[in-house]
Amino acid sequence: MRLWRLLSHRRPTVNSSVEQMRAVLAYEMDVPGAELAAVVKGSAAPSPNLVRKLAPALGIHTADLFVIAGLPVPDDLVSAWPTSPWDVGSILQHAIRMNADQRSQLEALVRSLPVQPRPGPAPTDDYPDTPGALLLRLLRNRNIRPYNAKVLMAVGGGPYVSDSTVAGLGPGRVVITPQYVTAFAHLLGYQPGDVVALTGVGPVVEDAQVHPASVQIAALAWRARRLTSEQLKEVMEAARTIRHA
């Protein structure tokens, strides 16, 4: 259903059909049209191989598409979640206060750090399969704790709520609204219309108070998602130095 809604949203004209979009995708990915059609119709689950081919064609991070499809993220793509005491959200709290040059310095440091293997399998959760749970899982796919209301508000114009309120989106204790969806889209680095389509919750909040460097901040979050606890400590120390230099 998520894939069907996304393809429907991306139709180039109102006269274009999802079937036409699906046929073009199958051709671009060089996969059997029947295989992709079964996934779009909901009669078959996507294979990991199909997800890997589909992600670049859709312009979605491959690891994210595994989350969207409800499949385990493969070991070669999984984030470092959970790290302690710092996570990627900790870095973003510095980034939102930096100027463009300072953020570029921070990004260069993150790029320079080698990817380390996970010490063990990534933990799972018992959230129901809801739009709120999807958004929190996509946050964790960036090693951002699913209760970071401050960053959500600063980057994407999220609601002024507590961390526990944002965390309540996962188990369904908090009703998800278009403001949440739009804010998550900017923090995750996707077009809000696409995230509205994936979640089924909209419309896009056009007047959201989005950080002027939201695109750069979202890209930084993605690049930092696999940093270990020790690497995050190094980045946090450098971020303090950069900000106060």
Side-chain angles (χ1 to χ4, degrees), residues 2 5 9 60-61 63-64 67-68 70 79-98 103 106 122-222 224-225 232 235-236 239 243:
R2 289 169 182 159
R5 287 197 303 253
H9 165 68
I60 295 176
H61 294 299
D64 278 348
V67 175
I68 293 166
S79 76
W81 165 266
T83 52
S84 180
W86 312 116
D87 68 335
V88 173
S90 307
I91 297 176
L92 299 190
Q93 291 192 35
H94 284 285
I96 58 180
R97 294 179 174 86
M98 290 177 170
R103 280 191 295 271
L106 190 63
T124 58
D125 60 65
D126 57 357
Y127 294 159
D129 189 14
T130 62
L134 171 63
L135 294 177
L136 293 195
R137 287 169 179 153
L138 289 172
L139 271 195
R140 289 190 323 206
N141 206 30
R142 286 149 178 76
N143 190 22
I144 299 176
R145 293 187 178 95
Y147 38 83
N148 207 322
K150 184 176 182 180
V151 169
L152 185 65
M153 181 176 66
V155 178
Y160 184 73
V161 295
S162 66
D163 288 346
S164 61
T165 300
V166 174
L169 293 170
R173 294 192 302 268
V174 175
V175 176
I176 190 166
T177 65
Q179 186 178 12
Y180 277 114
V181 174
T182 300
F184 271 98
H186 288 290
L187 181 55
L188 297 170
Y190 291 120
Q191 292 296 321
D194 283 350
V195 181
V196 166
L198 290 170
T199 60
V201 178
V204 174
V205 178
E206 300 291 351
D207 60 349
Q209 300 298 307
V210 180
H211 194 287
S214 63
V215 173
Q216 186 182 19
I217 292 171
L220 174 64
W222 184 257
R225 61 189 289 272
L232 287 169
V235 174
M236 287 292 290
R243 281 187 59 201

* What's the spacing between L187 CG and L152 CG if we round to 0.5 Å? -> 6.0 Å

* To do: Would you check if P159 and Y180 make a side-chain contact, meaning some heavy-atom pair closer than 4.5 Å?
  => yes

* If you look at every heavy atom in G168 and P171, which pair is closest and at what distance? -> O-CD, 3.6 Å

* Asked: Are P192 and V181 side-chain neighbours, meaning at least one heavy-atom pair lies under 4.5 Å?
  -> no

* To do: Look at the side chain of R173 and the backbone N and O of L169, then say whether any donor-acceptor pair between them is shorter than 3.5 Å.
  => no

* Asked: Are any of the side-chain heavy atoms of W81 and P146 separated by less than 4.5 Å?
  -> yes

* To do: Identify the heavy atoms of R142 and L188 that sit nearest to each other, and give their distance.
  => NH2-O, 3.1 Å

* To do: Measure the shortest side-chain to side-chain distance between Y127 and L136 over non-hydrogen atoms and say whether it is less than 4.5 angstrom.
  => yes

* Asked: Among all residues two or more places apart in sequence or in another chain, which pass the salt bridge (charged side-chain N to carboxylate O under 4.0 Å, His left out) test with D126?
  -> none

* Has the side chain of H61 got a donor or acceptor atom that lies under 3.5 Å from a matching backbone atom of A63? -> no

* Option from V88, V67, D125 for which side chain to side chain contact (heavy atoms under 4.5 Å, CB included) with R140 holds -> D125

* To do: Evaluate the side-chain contact (heavy atoms from CB on, under 4.5 Å) criterion for residues L134 and D129: first the C-alpha distance (whole Å), next the side-chain angles of each, then the deciding distance (0.1 Å), finally the verdict.
  => CA-CA 7 Å; L134 171 63; D129 189 14; 5.6 Å; no

* Examine distances only and state if a side-chain atom of T182 and a backbone atom of V205 form a donor-acceptor pair shorter than 3.5 Å. => yes

* Over all heavy atoms of both residues, which pair between R103 and A213 is shortest? Give the atoms and the distance, please. => NH2-CB, 3.2 Å

* **Step-by-step side-chain contact (heavy atoms from CB on, under 4.5 Å) determination, L106 to L220** => CA-CA 8 Å; L106 190 63; L220 174 64; 3.9 Å; yes

* Asked: Would you say the side-chain atoms of R225 pair up with the backbone N or O of A80, donor to acceptor, closer than 3.5 Å?
  -> no

* Asked: Does the pair V195 and L135 meet the rule for a side-chain contact (heavy atoms from CB on, under 4.5 Å), with working shown?
  -> CA-CA 9 Å; V195 181; L135 294 177; 3.9 Å; yes

* Value rounded to 0.5 Å, distance of CD in Q179 from OH in Y160 -> 13.5 Å

* With sequence neighbours left out, write down each residue that passes side chain to side chain contact (heavy atoms under 4.5 Å, CB included) with H9, or none if nothing qualifies. => D194, A197

Just list the side-chain donor-acceptor pairs under 3.5 Å for residues 90-97, sequence neighbours left out, or say none.
| from | atom 1 | to | atom 2 | distance (Å) |
| --- | --- | --- | --- | --- |
| S90 | OG | D87 | N | 3.3 |
| S90 | OG | D87 | O | 3.4 |
| S90 | OG | D87 | OD1 | 2.9 |
| H94 | ND1 | R243 | NH1 | 3.2 |
| R97 | NH1 | Q93 | O | 2.6 |

* Does some side-chain heavy atom of I60 sit less than 4.5 Å from a side-chain heavy atom of Y190? -> yes

* Smallest separation among heavy atoms of P203 and P178, with atom names -> O-CB, 3.2 Å

* To do: Compare every heavy atom of L138 with every heavy atom of I68, then report the nearest pair and how far apart it is.
  => CG1-CD2, 4.4 Å

* To do: State the NE2-CE distance between H211 and M153, to the nearest 0.5 angstrom.
  => 12.0 Å

* **Closest non-hydrogen atom pair, P128 against G170** => CD-O, 3.5 Å

* Would you please test T177 and V201 for side-chain contact (heavy atoms from CB on, under 4.5 Å) and show each step? => CA-CA 7 Å; T177 65; V201 178; 5.8 Å; no

* Salt bridge present between D163 and K150 (N-O < 4.0 angstrom) -> no

* To do: Measure the CZ-CG distance between F184 and L139 for me, rounded to the nearest 0.5 Å.
  => 4.5 Å

* To do: Side-chain contact test, heavy atoms from C-beta onward, threshold under 4.5 Å: evaluate it for T165 versus S162 and give yes or no.
  => yes

